[in-house]
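Single-structure report; data block below.
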Amino acid sequence: MTKKKSEAANEDQTRDTKKKSVSAVKSSQKEKPVLAKQVKSSKEEEDLLLDSATDSDYDGDSLSGSLNSDDFDSDVFDSEDDASQKETEGGDKDSSEDELELHGNEDSDDDDEGEQVDSENDEEDGSDEEREVAEESDSSEDEVAPRNTVGDVPLEWYKDEKHIGYDITGKKITKKEKQDKLDSFLANMDDSKNWRKIYDEYNDEEVELTKEESKLIRRMLKGEAPHADFDPYAPYVDWFKWDDAIHPLSSAPEPKRRFIPSKWEAKKVVKYVRAIRKGLIKFDKPEEEPNVYLLWGDDSASDQKSKHLTYIPPPKLKLPGHEESYNPSLEYIPTEEEKAAYELMYEEDRPKFIPKRFTSLRSIPAYENALKESFDRCLDLYLCPRVRKKRVGAHSIINIDPESLKPKLPSRKDLRPYPNSCYLEYKGHTGAVTSVSPDCSGQWIASGSADGSVRIWEVETGRCLKVWQFKEAVKCVAWNPLPDFPILAVAIGQDLVILNTELGTDEEQQKIEELLRLGTLPEQDEAVAAIVSWLPDETYGGIKIKHFKNISYVDWHPRGDYLSAVMSAGETRGVVIHQLSMHKTQRLPIKMRGLPVCTLFHPTHRGMFIIATKKNVRVFNLQKRELAIKKLETGLREISSMAIHPGGDNLIVGSKEGKMCWFDMDLSSKPYKTLKNHPKDITNVAFHRSYPLFASCSEDSTAYVFHGKVYSDLNENPLIVPLEILRGHSTSSNRGVLDCKFHPRQPWLFTAGADSVIKLYCH
Amino acid sequence: MNGEGEDASKVIHVKFLTKLDYPFKVPVTSVVIPSSVTRLGLSSIVNSLLTLEKPEPFDFLIDGELIRMSLEQFLNAKGISAERTLEIEYIRAVAPRKEEKPSLHDDWVSAVDGSSPRFVLTGCYDGLGRIWSSPGSCTHILEGHTGAISSIAFANSEGAEGVTVATASKDRTLRLFKVDPAESGDSTTRVGAYKILCGHKASVASVAAQKYGSKVCSGSWDCTINVWDTNESTSELSVPGKKRKGNNQAEEPQLEGEAETTLVGHTQCVSSVVWPEHDVIYSCSWDHSVRRWDVETGKDSLNLYSGKALNTVDVGGEGSALVAAGGSDPILRVWDPRKPGTSAPVFQFASHSSWISACKWHTSSWFHLLSASYDGKIMLWDLRTAWPLSIIETHKDKVLCADWWKGDSVVSGGADSNLRISSGISIS
C-alpha cells in the first residue's frame, strides 16, 4: 500500500468537499464514475477526475472499520439532512489524519494491512472491483493477492502451529523451517541485496524491496512526499469554469430534503426555544462599567468611594489619676454633704466618678455600670460614628475663601489722624531741598538746600524767617532736640556748622552764645586731631568743625550735647561724635566694618548707638566699648536711611531698592516686615514722636504714610497698615522727595522735594 | 424772564415782603412768576418792580432760608406747597460793592483790627503796628517790637485821653501803646510803647482786650494764656531799657508789666484768644480744642474738641454764644455750646481750599460771619445757607487776617503786604 496514494487521496478529498460545497452537488460514491465519464472530453479534467475517483477508493481502503464507510454511509444518510453530512465529512478528515499516523508509525505492516483492507473493499463493493483493477494497473504489486487469508489476527495464535494460516484455497500455509542463525547470517552477508530483504511475518516469506520502494521509504523517512514526482507546492489551478456554468454540475433531480422543512433544524429550534424559556441562554451581555474616572475630581470624596473601612483612631482618654485609685488619699473622698449635694444635682452636672475607698483589692466589687456603659457605648457608636476630620491642607485650599486669608487690617478711617492733604508750601529755595528738620516745639522748621542756603520757616504761615547762605550745598540740617537750645547743626561739604538761630529767650541766647564761643580748645587725641578740627565760624558766629571727608549725615543725641557726624568716604574713621559743651571730638571706640550710611542715638537708652552701614545695622553700647550688641540683617542691597521708634525697640530701615524693613529689635535680628512700596530709591524714613505713624519718601516723588502701632504688650506684634500715598512733588533732575520729617506734635508730615519746595501734609 | 403762560403748573403766586425802607419797598401785591427762576431772576423781578435807577442785587428768604437754587427745587427740597401764595422776604445782597485803594505795607500784614469805626489797626511782619484812619492814610506807627507782630487789638478805643493799643509779637512780648487820635496830622507819628508785657517764654500768637475794662489777655506758643493789666498807674517799677539795648532810643520811660493771671491747660500753642464778656475768655489751640476760661477762677469751663489744629476763634452770632473756629483744614466750624450733651459743630462751611487763618462774626448781625484763608479768599457766610454769600478775591497771596470794619466793610491783610478794604456790604 503506497502512502503516496493515500496522501493524494487526502488532498483530493479536501478538494472534493470544496467542490461539493461550492456547486452544492452532493458527491456520492455512485455518482463519481458517471461524472468521470461525462467530463472525459477535457484531458485535464479527466486526470483530475481520475484522481478523485481513485482517491475515493483509497480513501476507503486506507480507512478501517466504520470510519472508512464514509461514502457508503453517506448514502444511508442521504435521506437525512445536510448537517449530518457535514459531520461525517468532518469525521472523514479526522480519519485521514489517523491514517497518516498509521503510515508514519509502522512501515513493515503497511503492505499487509493495505492488502488486507483491499480485499475487504473488494468484498464490499464488488461492482467497483473491475473498474478499479483496470484503472490501477500501473501498480504491479497490488495485483498480487496476499497468500495468507487468516485476517488481521495476532500471529501469536499460530506461534505453536506448524502453519501460519490458510491460503485462498483453504490449504494450510506451512511455516518455513527456521534457518540456523549462523547460516542465515552468512547467507545475508553473502547476498549483496540482503539489506533490501524484509521478512514478512504474516506470509512467512522474505520480500525484496525494489529500488523504487526503497527510495520511497527513504523519502518518507525524510518526511517528504512518497512520490518523487509529487510537488506539494504546485500552484493551484482552478480547473472548473465557473462562468458559463448555468446548469448545475449534476443533472440529478433535486432531493426531496431541499423542499421540506428540516426536521433536524426544527428539533434544534425547539431545543433552543426551550433553553431560552428556561433562561439558560441569555442574549444581552451585562453592560460593563466604564473603566474611566475623573482624574481631577475632588479627592475629598475619595473616602466614601473606598470600599474598605479606614481605621479612625479613638479619641485618647485621660489617664486615671489618684482619685481613681481603689484606695485614694482621704482628701479625694467626698464628704457626706458633698455626696448629698451630688444627689441633688442634675445627672449631667453630677461628677462621673465619685472616689471610694476600699481596704484591699480583694474587697472591690464588680463595676455595677459595666453593662450599661457598654450598651451606651454601642449606642454612641451607632448614633455618632467616628468621623475623620478633614484637614485644611494644600489640596483643599480651593475650598477656602480667599478673603479669609487676608490679614484683618483696621480701616483707614479708624486710624485717623494721619497726613493726607497738602495745604501749605514753603517756597524760597532755588535748589533741591536736601534736608528738613522741625524744631521741637513745632513752630519752626529748618531746611537745607543744594543751593547752599539754610532757611528757617514759620510752620504756621510758610514765611521764611532766616536765611544763611553758604558756599557749598547743604547736605543735612538737624535741630537740637532741646527746646531751650535752639541751635542748628548743618553739614556743608567737609564742615559741620553749628548755627545760632537766635530764637530763644534772652537767657537762652546768653547760654548759647557762651557755648558757641570757642575759648581754649581742649587737647584732642592725635588720631582725632588728624581728622577733625574745631574752628570759629566767622560769617555767622557759630562753630565750624572741619572734617577730613564730606559729611553726609548728622544726628543729635536726645540730650542735645552730643552729635554724631557720618562721613561715608571715611570708612573705618567714618563716624565721629562731637561733644558740644566740651568742644571735643571722639572717635568711635569700636572698630567698624563697611561704609557708614547713617547713625542714630537710641532715644531712651543713653549709651546705645546705632550705625547703619550699606548692608547691615549694628547696635553698640558706647559706654561698654564692646563689639556690637546686636547685628540686624537687613538683606537689603544698600541702606539709605533709618529711623527709630520713640519707644526704642523698633527700627525702620529704608533702602535704595525701594524696600523698607521694620525691625522689632527684641524679636529678631531679621526684619519683622519688609514693605516694598516705592519703585525707586527710598531717600528717608521717619517716625512720629507721639502718633503711631511712620513715613517713607522716595525718588519717585511720593511719600508713603503708614500706621505703625507698637503695643506695650510684648506678646503683640506691631501693627503696620499702609495709609496714604502723598503725591504732589514734581521730579526734578531725576530726583523726587529727598527728605521727610513729621511735625513733632501734629500728625503732619514735611516733605522736602528736589523741586525746591517743602510741603506740609496735614490731616 | 420766561413767558408766563407756557405752563400753568409751573407758575407760583408770590408776595414780596421786606424790612427795607422807602426806595427798596415794593407794593404788597401778589405776583405770578414761573417756578424755574433763581435768585438772579427774583432779583431782576424786584428790580423791575422798584424801577430803580441803578440795579440793586437782592437776596431772598423763604421761611428764614436763603434761596440758592431755582425756586422749584427749593420748594421741593423744603416740602413747601406751591399752591398757596408764597411770601418771599428780600434783603439787599451781602456783597462788597466797592473796593478801596490798597494800603501797602513793608512786609506781610499779619494782624488787623477793625473794632473801632475810626481806625483800622494793622500789625506787620516788620515789627511795626500801624493805625489807619482811612484807606491809604497811615496816622501812627507803633514801634518797638523786635519781632513780627502777630496780633493787634484796641485795649481801650473809647479812652478820654486817647486810645490804647495792645500788640503781640513773636519776640515773646506784648506792648501797650497810647495813641491820641487828635494829634494826627498829615505826617505819620511814630509812637513807642508805654508798657512792655514780658512773661511769655515763646512767641505770642494772639492778644485780646477786655471790653470796657483795663485788661488784655494773650495766647502764646508756650501753651499759656496770660492776663495783663493795661493801667499805667501800677506800682510796678519803671525799668527803662534795662535789658533791651535796642529800645534805648525810646525817650519816655517804659514800664514792664507782669502777668496777673496765667491760664494753663492747653497742651500746645494757643493760637487765638477772644474776650467777649467781662470775665470770660475763649481760646483755641493747636491741641485741637476750643476752651472757655473763667478769668476769676482761672479754670476752663468748656472744652470743645475739633480734631484739627485751630488757628482762629471768634464768638458771636445768636446771643453772642456761638463759637466759630477754623484751623488747619479748609472747614469753618460753628459750635453752639448752649446745646447740651454734644460737642459736634452745628454748622460747617467748607468752601475754602486751604487753612483758615481768620474768622470773625459780624458785630451786629446774628447770621453773618467772615472767614479768611490761605487760599487768598475771604468768604462771607450766612448761617442760613451753606453757600458763601460772596467771595472776596482781592488778595494775591495768603490772607493772614481779616475783620469787619464799621459794620459794612471788610478789612484784611495778607502775604501780599497789603491792607485791603472792601466796603459797601449792606447787612441789615
Side-chain angles (χ1 to χ4, degrees), chain A residues 413-428 438-445 456-466 482-486 501-511 513 689-691 728 742-750 759-763, chain B residues 107-111 125 146-148 150 170-173 198-203 205-206 220-223 242-246 266-269 271-272 285-288 306-312 327-331 352-357 373-375 397-401 414-415 417:
Chain A
K413 278 181 190 168
D414 304 336
L415 301 177
R416 280 175 184 164
Y418 56 86
N420 49 22
S421 45
C422 173
Y423 293 121
L424 270 176
E425 291 182 350
Y426 304 88
K427 288 181 181 167
D439 90 311
C440 62
S441 68
Q443 192 181 2
W444 315 105
I445 180 166
I456 291 183
W457 311 83
E458 195 178 33
V459 171
E460 189 185 355
T461 54
R463 183 184 165 87
C464 177
L465 193 77
K466 275 199 169 71
L482 295 183
D484 53 353
F485 233 62
T501 60
E502 295 165 9
L503 287 170
T505 59
D506 297 337
E507 300 91 68
E508 287 165 14
Q509 277 303 316
Q510 271 184 339
K511 272 199 278 178
E513 274 165 28
R689 263 161 69 175
S690 47
Y691 287 91
F742 277 103
H743 190 279
R745 291 180 173 185
Q746 303 285 349
W748 300 344
L749 185 74
F750 294 100
K759 284 180 183 257
L760 172 59
Y761 290 89
C762 303
H763 65 291
Chain B
D107 211 332
W108 292 12
V109 179
S110 58
Y125 262 85
T146 55
S150 55
K170 294 189 199 295
D171 63 1
R172 298 176 297 278
T173 61
C198 299
H200 280 300
K201 292 188 187 67
S203 306
S206 172
S220 162
W221 271 90
D222 61 6
C223 315
K242 188 180 166 191
K243 287 173 188 170
R244 199 167 298 272
K245 275 148 184 113
H266 281 296
T267 56
Q268 287 192 42
C269 142
S271 52
S272 180
S285 163
W286 276 29
D287 65 4
H288 307 174
S306 83
K308 308 275 169 174
L310 295 171
N311 284 330
T312 177
S328 63
D329 67 339
I331 299 166
H352 282 295
S353 59
S354 188
W355 282 20
I356 288 168
S357 54
S373 166
Y374 284 171
D375 58 8
D397 205 340
K398 298 181 196 107
V399 185
L400 301 175
C401 53
S417 307

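Worth knowing before you read on, the calculation uses all heavy atoms, side chains too, and leaves out hydrogens, waters and symmetry mates. Note on naming: letters A, B, ... go to the chains in the order of the sequence lines (proteins, then strands), and numbering restarts at 1 for each one.
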Checklist line | Portion of Ser110(B) that has a non-hydrogen atom of chain A nearer than 4.5 angstrom | finding: neither
Next item on the list: Could you tell me which non-hydrogen atom of Lys398(B) sits nearest to which non-hydrogen atom of Thr461(A), and how far apart they are?
Entry: NZ-O, 2.9 Å
Item checked: Closest non-hydrogen atom pair between Tyr125(B) and Glu458(A), with its separation -> OH-OE1, 2.5 Å
Check: What pair of heavy atoms forms the shortest contact from Ser203(B) to Trp444(A), and how long is it?
Finding: OG-CZ2, 4.0 Å
Check: In a check of side-chain contact (heavy atoms from CB on, under 4.5 Å) between Tyr423(A) and each of Ser373(B), Ser328(B), Pro330(B), which one passes?
Finding: Pro330(B)
Next item on the list: Find out whether Asp484(A) and Lys201(B) are in side-chain contact, i.e. whether some heavy atom of one side chain is under 4.5 Å from a heavy atom of the other.
Entry: no
Checklist line | Minimum heavy-atom distance between Gln746(A) and Ala309(B), given as atom pair plus value | finding: NE2-CB, 3.6 Å
Notebook entry, point to check: Which answer fits Asn311(B), side chain, backbone, both or neither, if we ask what part of it has an atom under 4.5 Å from a heavy atom of chain A?
Noted result: side chain
Item checked: Test side chain to side chain contact (heavy atoms under 4.5 Å, CB included) applied to Tyr374(B) and Glu425(A), step by step -> CA-CA 11 Å; Tyr374(B) 284 171; Glu425(A) 291 182 350; over 6 Å; no
Note to self: Would Arg745(A) pass as a cation-pi partner of Trp286(B), given that its NZ or CZ must be under 6.0 Å from the six-membered ring centre and within 45 degrees of the axis?
What the structure shows: no
Next item on the list: Would you mind checking which part of Leu503(A) comes under 4.5 Å of any heavy atom in chain B, side chain (CB onward), backbone (N, CA, C, O), both or neither?
Entry: backbone
Note to self: Quick check: do Arg463(A) and Asp107(B) have side-chain heavy atoms less than 4.5 Å from each other?
What the structure shows: yes
